[in-house]
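Note that the coordinates shown come from a computational prediction; the quantities given were computed from them, not determined experimentally.
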Amino acid sequence: MLENPETRQQLIDELRSASTATEAVEGSTAEDSLVAQIAEATQDFAQQLTSQVVFAAEAASGLKTVDWQALAPLALELVFVILAAFVSFFLLRKLAIPAFNFADNRATQAPGAAKLLSRLLFVFFAFVIDILIIGLAWIIGYSIALFVVGEMSEMKTTQSLFLNAFLVIELFKAIVRLFFSSRYENLRLVPMCGETAAYWNTWLARVSSFIGYGMLFVVPMISLHLAPALGHFISLLIMVIAFIYAFTIIMQNKKRVAVNIGKQAEENDFAFTSVLLNMLSRSWHLLAITYFAALVLVTAIRPEDALPVMLQASLQTLVAIVAGLLISAFLSQLISRQLKVSDDLKLRFPALEGRLNEFIPTTLKVIRLFIILVVFAFVLDAWSLFNFSEWVTSDTGTQLLGKVLSVGIILLIAKLLWIAFASWVEHQINPATGRGAASARQQTLLKLLSNAVMITLIVFTVMITLAEIGLNIGPLIAGAGVVGLAIGFGAQTLVKDVITGIFLQLENAINAGDVVTADGITGTAENLTIRSLGLRDRFGTYHLIPFSSITSVSNYMRGYGYHVGDYGVAYREDTDEVIVHLRAAFDELMSDPDQRDNIMDDIEVQGVVELADNSVNIRIRIKTLPGSQWSVGRAYNRLVKRHLDAAGIEIPFPHTTIYFGQNKDGSAPPAPLNLVSTPASRQAELGLSKQPDASRSNANTGSDFDEA
């Protein structure tokens, strides 16, 4: 076919048409199908991995031509630089032990709320010392490479590669020591025991040294002096070995780390943080394994810049988490504190401290939630899953952040206004302000005003917040007006309740704590709203009475009260003498200090008010403080009984008169009485004497007498 020009051209045309169709199908499906994209990525990964292995094998076959003798002096000079850097680093660490001990001892000596700030300050102080030690060791190694080893003022590339790797890796290990300081407990940011901290510090130091020196020093050396393809293969091999080692360690500590994170979640008082920690306790091993797997994947796909990309992402993630943890810990310290106000403010505003301690922790929790979200965004940005900086500068991000800030300011102002108003109301009714205790009417009106202001603040805050978010509240307001009108027509009783309640409050008819009679029920007014009255009667029953059902109100707590007593004596008694004893009882009542303060005036004797069937009634009246008339009356009644009994004055009780009828001639008919014999024992018990049988009939009455 190829030799024949016609068939050759036909084959070329068929191949071109087939290629065009294949490209069209791939272009239409690959972008839309996630499975196709994954398959394509897997294919690229496999091809690159195979290419690296093939190229590495080809490069390894050419190692025989390398001049190893020429590399020996370079290796010897490099060994001197390595020894100078590490020896100087360890010597400087030894010399800095007193400084670390000083920071460890002073980290927790600050009292109270300054304890956390002091600890963070000394942790930062120790971290700076650690960085200075690393910098000095790097400078010493650099000086050795420039002025001692090799030619004057010239540094070999291999020495520069090692020193750069030393600086980067030791700085990373210094950051690790911030969290897992094994020797200095107070300089450790992560709460754990020294043994656990030493374990994780050692493991992370090994992994970071293996990956760092391998990728930043060994791989560039091999690529420079041997073959780039071999260097790419060695980098992949390093990452695979690191992944296997990390996977083994992670699975060995899976349960123990999950338990420790779960304990931290239980001790945390912030719900959102507790949820995140619980999620982390169940999935931390998956995140760690995914991280090391990503190292292997990026190394295989992008061998040229794999480590810089992963290092930048890791450092940005670490910095974001550290900053978030420090700020969150500081806010947690502030939240755990109880805000104290001065004694003068506490005297004038007793509830102000409680309101502030309720408001400030809530605000700090919201700020901490915002910080967590920002840290999460930075972490996603570090791994190129979300471009945070671009989103912030975009119109969408700017508008969203502006709206969130505006809503936060609105809510903050509304809360502060409510705290200020509630404190003002408290100041008005507080007797310690110098104005004296507020009257019951003032307390009731201020309570109703507080409810009205709270409802108004809530409505306006919701409306302004919705408008700030971007919702059109015009239809909402119109709809609320229509609904309100419909409710007004359909709930006339409710409107009547509200209007009647407003006028009752304006006319000072009822205040909280008053004893009133309303709708036929007498009790103490416990609760007053704009619509109803809550009464507690003397049996403890609570009655809720709508204002629309109240036609009249009897208030026993206005100005003063009276105890009005009608005392009946027998007809044979001298009423003037009785009045003398009533006054004597009042004099004794006035000698009681518990009752004397409740009586406002002398006793008022109004005289004989009724000649009843069985008694002569004499009325007195005692003027008392409002609400004291009942207790004064009970005490006075007790004394009246004692005085009349001592004087022998009869207080009559009900008598019954039996009338048997009368004949026309004026004689009385015989009473139908029967005499029943009683045993001697019963007669002796009753004090009766045994009568002969002949005495059982009465000739005068013609009836029997029942001795029993």
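Listed by chain and residue number, E170 satisfy the salt bridge (charged side-chain N to carboxylate O under 4.0 Å, His left out) test with K173 (two or more places apart in sequence, or in another chain). In this view, V79 and L83 satisfy the side-chain contact (heavy atoms from CB on, under 4.5 Å) rule, not counting sequence neighbours.
Aromatic rings from F166 and F86 are positioned such that their centres are separated by under 6.0 Å. In summary, the aromatic rings of W203 and Y199 are positioned with their centroids too far apart to meet the 6.0 Å limit.
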Donor-acceptor pairs are to be reported for all side-chain atoms of residues 370-381 against protein atoms at under 3.5 Å, with residues two or more places apart or in another chain.
{"unit_1": "D381", "atom_1": "OD1", "unit_2": "F388", "atom_2": "N", "d": "2.9"}
{"unit_1": "D381", "atom_1": "OD2", "unit_2": "Q316", "atom_2": "NE2", "d": "3.1"}

For residues 204-218, which side-chain N or O atoms pair as donor and acceptor with protein atoms under 3.5 Å away, sequence neighbours left out?
{"unit_1": "S208", "atom_1": "OG", "unit_2": "L204", "atom_2": "O", "d": "2.8"}
{"unit_1": "S208", "atom_1": "OG", "unit_2": "A205", "atom_2": "O", "d": "3.1"}
{"unit_1": "S209", "atom_1": "OG", "unit_2": "A205", "atom_2": "O", "d": "2.7"}

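Side-chain contact between L132 and V128: present, with at least one pair of heavy atoms (C-beta onward) separated by less than 4.5 Å. At a threshold of 4.5 Å between non-hydrogen side-chain atoms, the residues V257 and W200 count as touching. The side-chain heavy atoms of V407 and L411, taken from C-beta on, include a pair separated by under 4.5 Å. Under the 4.5 Å side-chain criterion, counting only non-hydrogen atoms from C-beta, I249 is in contact with Q252.
A side chain to side chain contact (heavy atoms under 4.5 Å, CB included) with F292 is found for one member of Y245, F243, F247 and no other, namely F243.
Relative ring orientation between F125 and F122 is described as perpendicular, the plane-to-plane angle rising above 60° on a 0-90° scale split at 30° and 60°.
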Give the C-alpha distance, both sets of side-chain angles, the deciding distance and a yes or no for side-chain contact (heavy atoms from CB on, under 4.5 Å) between M251 and I289.
-> CA-CA 9 Å; M251 297 309 295; I289 293 172; 3.9 Å; yes
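Among residues at least two apart or in separate chains, side-chain hydrogen bond (donor to acceptor under 3.5 Å, both in side chains) pairs with a member in residues 397-418 are S406-E468. Applying the salt bridge (charged side-chain N to carboxylate O under 4.0 Å, His left out) test to residues at least two apart or on different chains, the pairs with a partner in residues 122-131 are R93-D130, D130-R177.
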